[in-house]
A.B. asks: 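If you scroll down you'll find the structure; I have some questions about it.
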2 protein chains.
Amino acid sequence: MLSSDEQLGLRERKKLRTRQAISDAAVTLFLAAGFDHVSVAEVAEAAEVSRRTLFAYFPTKEDLVLHRFADHEDEPARVVRARPDGQPPLDALHEHLLDRLAHRDANTGLSDDPEVMAFHRLLTDTPSLGARLLEYLDRGVRTLADALAGSGDDLTTRLAAVQVISVQRVLAEDNVRAITGGATADDRYPVAVAAADHAYDLLRAGLAEHLR
Amino acid sequence: MLSSDEQLGLRERKKLRTRQAISDAAVTLFLAAGFDHVSVAEVAEAAEVSRRTLFAYFPTKEDLVLHRFADHEDEPARVVRARPDGQPPLDALHEHLLDRLAHRDANTGLSDDPEVMAFHRLLTDTPSLGARLLEYLDRGVRTLADALAGSGDDLTTRLAAVQVISVQRVLAEDNVRAITGGATADDRYPVAVAAADHAYDLLRAGLAEHLR
DNA sequence: GCGAGAAGTATACCCAGTGCAGTTATCGCC
DNA sequence: GGCGATAACTGCACTGGGTATACTTCTCGC
């Protein structure tokens with residue numbers, strides 16, 4: 001398989017490299033000194049571009065960090081669309097989450113890779129990043145609701161979408177917390193699976209039985 | 001009953017009046033010209049205080065608008081805590097929502113008061129306000145989860161909290177949209193009640209039956 | 001009415017983000 | 001290989017949110 005660069009022109013390849021250089025410089029500096037203690041001017045200097053060019057690639061300082069999530073923002077929607085005929089959407093989403101947990105995917109919070117952990121600490125320690133993360137998740141809700149259209153009436157699909165995304169976020173936060181607290185990903189894995197199963201049970205069968 | 005000012009000293013009364021003057025000036029100007037086209041300097045001038053004083057009352061420009069929501073951020077938590085002995089938390093929240101709808105409470109989105117509508121338009125038209133609103137809601141999730149502690153295990157209560165808040169937000173957005181689209185609050189009322197009932201049915205009994 | 005301390009102000013500053021005008025590099029084509 | 005078109009990049013100046021500091025003015029309790 002060819003490297004994805006190969007078929008692009010020089011101009012496009014340079015753009016990709018510049019984008020990567022800016023993002024890398026940003027994350028490195030932010031992890032070292034904290035998001036709020038690094039100015040975009042310093043990031044630009046480290047990446048050897050002008051401040052103006054930096055903003056051509058990333059519309060805000062927060063996006064220097066969070067553009068990684070943009071790639072995953074429509075993942076639940078894709079999972080639902082790609083599910084086998086006849087499989088209920090919740091089953092597809094549940095199955096996919098278990099798969100991501102098994103792969104220790106960073107998005108599930110179940111990774112003890114030091115770089116991933118530092119990244120998560122950056123997110124939890126920086127309010128402006130947390131706020132913007134909520135926006136990304138909210139866009140994910142809308143794409144998921146679109147993908148669910150046809151599986152139920154409009155209101156139901158929108159409610160389902162917001163519940164699924166919210167629940168996945170809580171699960172991921174719990175995993176991050178456990179691992180920040182010293183557990184390894186392997187320690188946490190069975191708990192994370194049990195939590196995911198429980199959460200999807202609640203989504204499917206409701207809260208009534210478990211909340212008095 | 002005494003007006004709440006009466007028992008306060010002059011200093012405290014002045015502070016309240018100043019705070020109100022700033023907030024009023026802000027909302028008036030924002031509604032007239034749009035959030036992004038009014039600077040905090042203009043708000044300060046209209047309220048006859050210095051820019052520095054404005055920031056002593058409201059930590060950010062967004063809070064000039066959204067401090068109103070801060071008062072309601074722990075409302076679901078209060079409802080749960082104040083519920084009669086033996087009533088399931090979801091029933092209390094459901095009942096309270098129906099009550100708020102019946103009163104055309106602005107927070108439910110079911111108000112066609114022109115000022116409330118303009119306020120909602122401000123929220124939906126201004127991304128930075130929408131983002132910060134999500135933060136307020138997120139704090140509401142945490143307070144609700146605390147209030148639910150004891151009604152179920154920790155994970156379940158946190159999942160329940162995030163689902164309840166998310167669902168209420170979707171319901172409110174739908175009401176706002178309907179009314180922005182030309183319906184009166186009275187037109188919308190039966191639909192809003194049905195939607196609320198349906199949403200709480202889903203929370204109680206799960207999505208499985210309604211999502212294929 | 002007096003001293004303590006809170007509220008408010010003026011000024012100067014930092015930094016994120018934008019508009020603009022000019023330079024440099026790549027591209028497609030001859 | 002050279003040449004215009006055009007995209008990427010740069011420097012600079014500006015707006016506007018938010019903060020630090022040092023100073024003045026007001027309210028409170030005695």
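Per chain, numbering begins at 1; letters A, B, ... match sequence-line order.
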A.B. asks: How close or far is atom P of dA7(D) from atom CG of Leu16(A), stated in whole angstroms?
C.D. replies: 17 Å
A.B. asks: Name the residue from Leu97(B), Val176(B), Leu101(B) that meets the side chain to side chain contact (heavy atoms under 4.5 Å, CB included) definition with Leu171(B).
C.D. replies: Leu97(B)
A.B. asks: Indicate yes or no: does Asp91(B) engage Arg83(B) in a salt bridge with an N to O separation below 4.0 Å.
C.D. replies: no
A.B. asks: Check the side chains of His198(B) and Thr156(A) for a donor-acceptor pair under 3.5 angstrom, ignoring hydrogens and angles.
C.D. replies: yes
A.B. asks: Round to a whole Å and report the spacing from CZ of Arg17(A) to C1' of dA8(D).
C.D. replies: 14 Å
A.B. asks: Arg132(B) has an atom CZ; how far is it from atom C1' of dG18(D), in whole Å?
C.D. replies: 12 Å
A.B. asks: I'd like to know if the side chain of Gln168(B) pairs up with that of Tyr200(B) as donor and acceptor (distance under 3.5 Å, no hydrogens or angles considered).
C.D. replies: yes
A.B. asks: In this structure, how many angstroms lie between the P atom of dG5(C) and the CD atom of Glu12(B), rounded?
C.D. replies: 17 Å
A.B. asks: Is there a side-chain contact between Arg121(A) and Asp125(A) (heavy atoms, below 4.5 Å)?
C.D. replies: yes
A.B. asks: Taking the six-membered ring of Phe119(B), is NZ or CZ of Arg68(B) closer than 6.0 Å to its centre and within 45° of its axis?
C.D. replies: yes
A.B. asks: Taking only N and O in the side chain of Lys15(A), is any of them less than 4.0 Å away from OP1 or OP2 of dA8(D)?
C.D. replies: yes
A.B. asks: Heavy atoms within less than 4.0 Å of DNA chain C: which residues of residues 51-67 of chain B have one? Give them sorted by number.
C.D. replies: Arg52(B), Thr53(B), Tyr57(B)
A.B. asks: Would you say the side chains of Thr108(A) and Asp105(A) form a donor-acceptor pair under 3.5 Å?
C.D. replies: no
A.B. asks: Nearest whole angstrom, please: distance from the C1' of dA7(C) to the CD of Glu48(B).
C.D. replies: 17 Å
A.B. asks: Give the rounded distance in Å between these two atoms: CG of Leu29(B) and P of dG16(D).
C.D. replies: 14 Å
A.B. asks: Would you kindly say whether Asn175(A) and Arg188(A) are connected by a side-chain donor-acceptor distance under 3.5 Å?
C.D. replies: yes
A.B. asks: Any residue in residues 31-39 of chain A with a heavy atom nearer than 4.0 angstrom to DNA chain C? Just list them by number, or reply none.
C.D. replies: Val38(A), Ser39(A)
